[in-house]
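Beneath this line is the structure, given in structure tokens, with notes to follow.
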Amino acid sequence: MSVTIKDIARESGVSYSTVSKALNNSPLVKPETKKKVLETASMLGYTPNFAAKNLVSKKSRTIGLVWPAIDRIALTALVSKINELVTAENYFMILSVDEADKAIGMFKGFQVDGVMIFEEGRETMLHSDVFSSIPILSYGVSGDHVYPIIDVNHKKAIHLAVSHLIELGHTSLSYIGDATPGDKRQTEKLNGFYEAMENAGLTVHENSIGNTKGLSWYDGYLAAKELLKTSKPTALISGSYDISVGVLRAAKELKIRIPEDLSVISYDNIPQMASLETELTSVGVPIEQLAEKMVTSLLSLIEHPDSINLTQLMEPKLALRKSTKSLQKHL
DNA sequence: AGAGATATCCGAGCCAGATA
DNA sequence: TATCTGGCTCGGATATCTCT
């Protein structure tokens, strides 16, 4: 049997309501009594019963996070940061790798105060009774959603990458990423590439697009090998951190030096970019900003359920590292 | 002021009584 | 007899009221 406030009360010779007050640092308890109660609690190894606390407060101070793609490094970095911020706000976070509907059902059973969903590509079709019964915030792509979404301006991110490469004198640019229709986040990046190239008056050749048909590093590796063999771009934009890992491996095997022979910019503005074999210049919303926006938005939704702000678009930034080189300097 | 007593939170499980 | 319904209790903690 676990230790309860009643055990502490018995042991320390006060009532359990006094114990409760003492444990919550109430000014209505004498310092000596408080000290005695705290010492007894510590001696007995007391741990608060969260189920009981939730019963009274009608709050669990817990948020659930639906995370269906645990193999993606960029999302791992984001989850870690979110957890850090949530903990700093005295909340707990529980994760589920199930489908959104199933995960939310489980979270409701645990009486979480709110839910974050990481939507991968396809929109998550939630039943209306789900999001009307619990605060939900999605990290996804804005569309016809009826629940709040934090979105990233993916097109602009790729525009930043293209502009930077053009400033360095590159005109032969390639893009590598998942071009599978249906994944809006990935297709937005590709569309951003076409758009930025067109704006700059540059042609996109058919063989300068590498379709990874997936988001793993191996998908990136296979597509990069194919692309770098058939096309000889001076610069390459990669759709994600994981794909970039594959690009670096393929380039190494093909004896292509980065940035001497090939400039590379990766999507995903995460600190891990600096730990790669070649520190990659990247674009995207800095992970700290994204995490902070998600946590503050969900917590404000929990506290003020009527303050719904359906779509919040985050603006990306360019993070310069060591994977791009000016062409002019070599001429 | 400082302590104890009591109502309350919600859902599960049990039991007794009512109904088909 | 089988099934359904309603009431009660329990769990651990907090908020508030009452007492000394």
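The chains referred to below are lettered A, B, ... by the order of the sequence lines, with proteins before strands, and numbering in each begins at 1. All values below come from the heavy atoms of this structure, side chains included, with hydrogens, waters and symmetry mates left out.
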From CD of Glu32(A) across to C1' of dG2(B) the rounded distance in Å is 11 Å
Measure the distance from OH on Tyr16(A) to P on dT14(C) and round it to the nearest whole Å.
-> 12 Å
Scan Ile158(A), Leu202(A), Thr171(A) and name whichever one has a side chain to side chain contact (heavy atoms under 4.5 Å, CB included) with Met197(A).
-> Leu202(A)
Classify the side chain of Lys6(A) versus the base of dG11(C) as yes if they form a donor-acceptor pair under 3.5 Å and no if they do not.
-> no
Which pair of heavy atoms, one from Asp113(A) and one from Ser60(A), lies closest together, and at what distance?
-> OD1-N, 2.9 Å
Interatomic distance where CG belongs to Asn24(A) and C1' belongs to dA15(C) [whole Å] = 11 Å
Distance check: side-chain N/O of Thr33(A) vs OP1/OP2 of dA3(B), anything under 4.0 Å?
-> yes
Once you round it to whole Å, what is the distance between C1' of dA3(B) and CG of Leu28(A)?
-> 10 Å
Look at Lys30(A) and dA1(B) and indicate whether a side-chain polar atom (N or O) is within less than 4.0 Å of OP1 or OP2.
-> no
Is any side-chain nitrogen or oxygen of Thr18(A) closer than 4.0 Å to OP1 or OP2 of dG4(B)?
-> yes
Between Met116(A) and Ile63(A), is any pair of side-chain heavy atoms under 4.5 Å apart?
-> yes
Can Arg185(A) be said to sit on top of Tyr139(A)'s aromatic six-ring, NZ or CZ under 6.0 Å from centre and within 45° of the ring axis?
-> yes
For the pair made of CG in Asn25(A) and C1' in dT14(C), what is the distance, rounded to whole Å?
-> 15 Å
Between dT14(C) (C1') and Leu55(A) (CG): distance, integer Å = 10 Å
OP1 or OP2 of dC9(B) sitting under 4.0 Å from any side-chain N/O of Asn54(A)?
-> no
Base, sugar-phosphate, or nothing: which does Val14(A) touch, judged by heavy atoms less than 4.0 Å apart?
-> sugar-phosphate
Is Thr4(A) touching bases, backbone alone, or none of the nucleic acid, heavy atoms closer than 4.0 Å?
-> sugar-phosphate
Looking at dA13(C), dA3(B), dA15(C), which one has an atom nearest to any side-chain atom of Ser17(A)?
-> dA15(C)
Minimum-distance nucleotide to Lys58(A) side chain [options: dA13(C), dA15(C), dC10(B)] | dC10(B)
Pair of N/O donor and acceptor under 3.5 Å linking dA5(B) base with Ser15(A) side chain = no
Calculate the interatomic distance between Ile8(A) atom CD1 and dT14(C) atom C1'; express it in whole Å.
-> 14 Å
Within less than 4.0 Å of OP1 or OP2 of dA13(C), is there a side-chain N or O belonging to Tyr46(A)?
-> yes
Answer yes or no: are there more than 12 heavy-atom neighbours, outside Glu292(A) itself, under 6.0 Å from its atom CD?
-> no
Can you tell me how far P of dT18(C) sits from NZ of Lys21(A), to the nearest Å?
-> 14 Å
Nucleotide nearest Ile5(A) when distance is taken to its side chain, options dG12(C), dA13(C), dT6(B) | dA13(C)
